[in-house]
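Residue numbers start from 1 in every chain, and the chains themselves are labelled A, B, ... in the order their sequence lines are given, proteins ahead of strands.
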Protein chains: 2
Amino acid sequence: MTEPRPRKTGSKPIESITFDEIDQRILEMLQKDSDTPIQAISEAVGLSTNPCWRRIKRMEEAGLIKKRVVLVDQTRANVPLTVFIGISTSRHEIDWLNRFRDLIDEIPEVVEAYRLTGTVDYILKVVVPDMASYDAVYKQMIQRLEFSQVNSMISMEELKFTTAIPTNYL
Amino acid sequence: MTEPRPRKTGSKPIESITFDEIDQRILEMLQKDSDTPIQAISEAVGLSTNPCWRRIKRMEEAGLIKKRVVLVDQTRANVPLTVFIGISTSRHEIDWLNRFRDLIDEIPEVVEAYRLTGTVDYILKVVVPDMASYDAVYKQMIQRLEFSQVNSMISMEELKFTTAIPTNYL
DNA sequence: GTTGAAACACAATTAAC
DNA sequence: GTTAATTGTGTTTCAAC
């Protein structure tokens, strides 16, 4: 990943789309609430609607804005319980990893999964109605794949949750 | 068809708004892509646009749909690195917790934070450009608050990430 | 090439049936 | 729940800078 290439000389290849502070501010607003009218955004950043709209479209085409989604309330959707699962395995093979990938893809309660460095090989974020449901997910997993260590960490309280990532590194 | 009214006996207080399988399917689509035209949604669930729209509005008013947001690409936003931080503290006081809450609120790189059961008291999800930036965040934290144990788990690969929570428990 | 104002089209919203 | 009218966006166009 050699993304940022501050080319001083030579010919500029094909890419290197840059975004400025105005784009950042637009993104910030859109990450908080994507149905903010362009009108409101444009006057917030001191631009008229047209250039503002063009910037948004540009960020979408560049893939910086991936998509727009609705966020659902966990409690009201009857899945108030969040559990993190730390997983270790002795099976360090590509085949095992692929089967693991398939497994978590099939389970909608698993909303996030990462392969890590260190002693814990994987971490999963699971969203369920209650402990009984969690247990069902847990069993479903261990009967399909072999783990050497599974450590469940139950969330008692969500201190912070946002889908808005920092824009100040653009 | 009349409104879904499963209640046969007893008086349920003020709330108890129910959602059926059609609502689930609408939610699923909206969680994947919120600018799916209502027209497309309605024909997918076998409804005409108006009742479909009324359902969406109802879910918004009920707070089931919290909001609509844009999702930004981590890599293109120059924050490709995800780090989980497992934190333990010896300071089990409400005051410490409040200061901790303030701290993570102020740091935009911290996108998620949970208070846990077990030996690890808190888990944080942090999103940064590189290890140097992570170190800066780390230092910022430990100089403002006292931790008894900090365990950084660096993500090598994102196996799964979705903001779509399961709808089948509604 | 970039901007802002004004016209256009379409989807969301409302009202009536 | 269906159909139709309305409003308000997003989107495009175009003249001006």
Side-chain angles (χ1 to χ4, degrees), chain A residues 6-8 10-73 163-164 167 170, chain B residues 1-7 16-73 163-164 167 170:
Chain A
R7 197 169 316 289
K8 289 141 207 241
S11 54
K12 205 108 170 232
I14 10 215
E15 72 101 352
S16 68
I17 313 140
T18 60
F19 302 98
D20 60 13
E21 308 75 32
I22 298 177
D23 292 311
Q24 289 180 25
R25 295 179 58 196
I26 294 173
L27 261 195
E28 274 173 42
M29 296 186 75
L30 255 23
Q31 282 195 118
K32 281 184 199 152
D33 182 2
S34 66
D35 43 36
T36 312
I38 299 189
Q39 209 166 14
I41 299 173
S42 56
E43 61 191 37
V45 301
L47 233 57
S48 73
T49 60
N50 189 327
C52 186
W53 178 83
R54 290 183 93 150
R55 279 169 184 267
I56 296 172
K57 203 191 168 191
R58 198 172 75 102
M59 292 192 280
E60 279 168 347
E61 284 169 348
L64 179 57
I65 294 177
K66 280 192 296 187
K67 57 176 177 175
R68 292 155 190 263
V69 297
V70 302
L71 297 185
V72 173
D73 187 287
T163 54
T167 55
L170 269 181
Chain B
M1 269 244 283
T2 48
E3 274 302 312
R5 194 88 95 74
R7 197 156 318 289
S16 68
I17 313 140
T18 61
F19 302 99
D20 61 12
E21 308 74 33
I22 298 178
D23 292 311
Q24 290 179 25
R25 295 179 57 196
I26 294 173
L27 261 195
E28 275 172 43
M29 297 186 74
L30 254 25
Q31 282 193 117
K32 281 183 198 152
D33 182 3
S34 66
D35 44 35
T36 311
I38 299 190
Q39 208 166 14
I41 300 173
S42 55
E43 60 191 37
V45 301
L47 232 56
S48 68
T49 59
N50 192 319
C52 185
W53 177 82
R54 292 183 94 154
R55 280 170 183 268
I56 296 172
K57 204 191 167 192
R58 198 173 75 102
M59 291 192 281
E60 280 168 346
E61 285 170 349
L64 179 56
I65 294 177
K66 280 192 295 185
K67 58 176 177 176
R68 293 157 190 261
V69 297
V70 301
L71 297 186
V72 173
D73 187 288
T163 53
T167 56
L170 270 180

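Between Ser48(A) and the phosphate of dT3(C), there is no side-chain N or O to OP1/OP2 separation shorter than 4.0 Å.
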Side-chain polar contacts of residues 21-30 of chain B - donor-acceptor pairs under 3.5 angstrom, sequence neighbours left out - could you list them?
{"from": "Asp23(B)", "atom 1": "OD1", "to": "Arg55(B)", "atom 2": "NH1", "distance (Å)": "3.1"}
{"from": "Asp23(B)", "atom 1": "OD2", "to": "Asp20(B)", "atom 2": "N", "distance (Å)": "3.0"}
{"from": "Asp23(B)", "atom 1": "OD2", "to": "Arg55(B)", "atom 2": "NH1", "distance (Å)": "3.2"}
{"from": "Arg25(B)", "atom 1": "NH2", "to": "Ala44(B)", "atom 2": "O", "distance (Å)": "2.7"}
{"from": "Glu28(B)", "atom 1": "OE2", "to": "Thr167(B)", "atom 2": "OG1", "distance (Å)": "3.2"}

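When the P atom of dA11(C) is taken as reference, atom CG of Asp33(B) falls 14 Å away, rounded to whole Å. If you measure from atom CD1 of Ile41(B) to atom P of dT13(C), you get 11 Å, rounded to the nearest angstrom. Summarising the geometry, the separation between CG on Asp35(B) and C1' on dT11(D) is reported as 14 Å, rounded to the nearest angstrom. For Arg55(B) and dT2(D), the CZ to P distance is 11 Å, given to the nearest whole Å. Atom-to-atom, CD of Glu43(B) to P of dT2(D) comes out at 13 Å; the value is rounded to the nearest Å. Rounded to whole Å, the distance from CG on Asp20(B) to C1' on dG1(D) is 14 Å. The CD1 atom of Ile56(A) sits 13 Å away from the P atom of dT12(D) (whole-angstrom rounding). Here the P atom of nucleotide dG8(D) and the CD atom of Gln39(A) are 11 Å apart, to the nearest Å.
Sorted by first and then second residue, the side-chain hydrogen bond (donor to acceptor under 3.5 Å, both in side chains) pairs involving residues 31-54 of chain A (not counting sequence neighbours) form an empty list.
Counting any heavy atom pair closer than 4.0 Å across all strands shown, Pro51(B) reaches a base atom.
Here the closest non-hydrogen pair linking Arg68(A) and Ile56(A) is NH2-CG2, 3.8 Å.
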Steps toward side chain to side chain contact (heavy atoms under 4.5 Å, CB included) verdict (Leu64(B), Ile17(B)): CA-CA 10 Å; Leu64(B) 179 56; Ile17(B) 313 140; over 6 Å; no
Identify the pairs formed between an N or O of the protein and an N or O of nucleotides 14-17 of chain C at a distance under 3.5 Å, and give each distance.
{"from": "dT14(C)", "atom 1": "OP2", "to": "Lys57(B)", "atom 2": "NZ", "distance (Å)": "3.4"}
{"from": "dT14(C)", "atom 1": "O4", "to": "Asn50(B)", "atom 2": "ND2", "distance (Å)": "2.9"}
{"from": "dA15(C)", "atom 1": "N6", "to": "Asn50(B)", "atom 2": "ND2", "distance (Å)": "2.6"}

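Side chain of Ile38(A), nearest nucleotide from dT2(D), dT3(C), dG10(D): dG10(D).
If you run side chain to side chain contact (heavy atoms under 4.5 Å, CB included) between Thr163(A) and each of Val72(B), Leu71(B), Val70(B), only Leu71(B) comes through.
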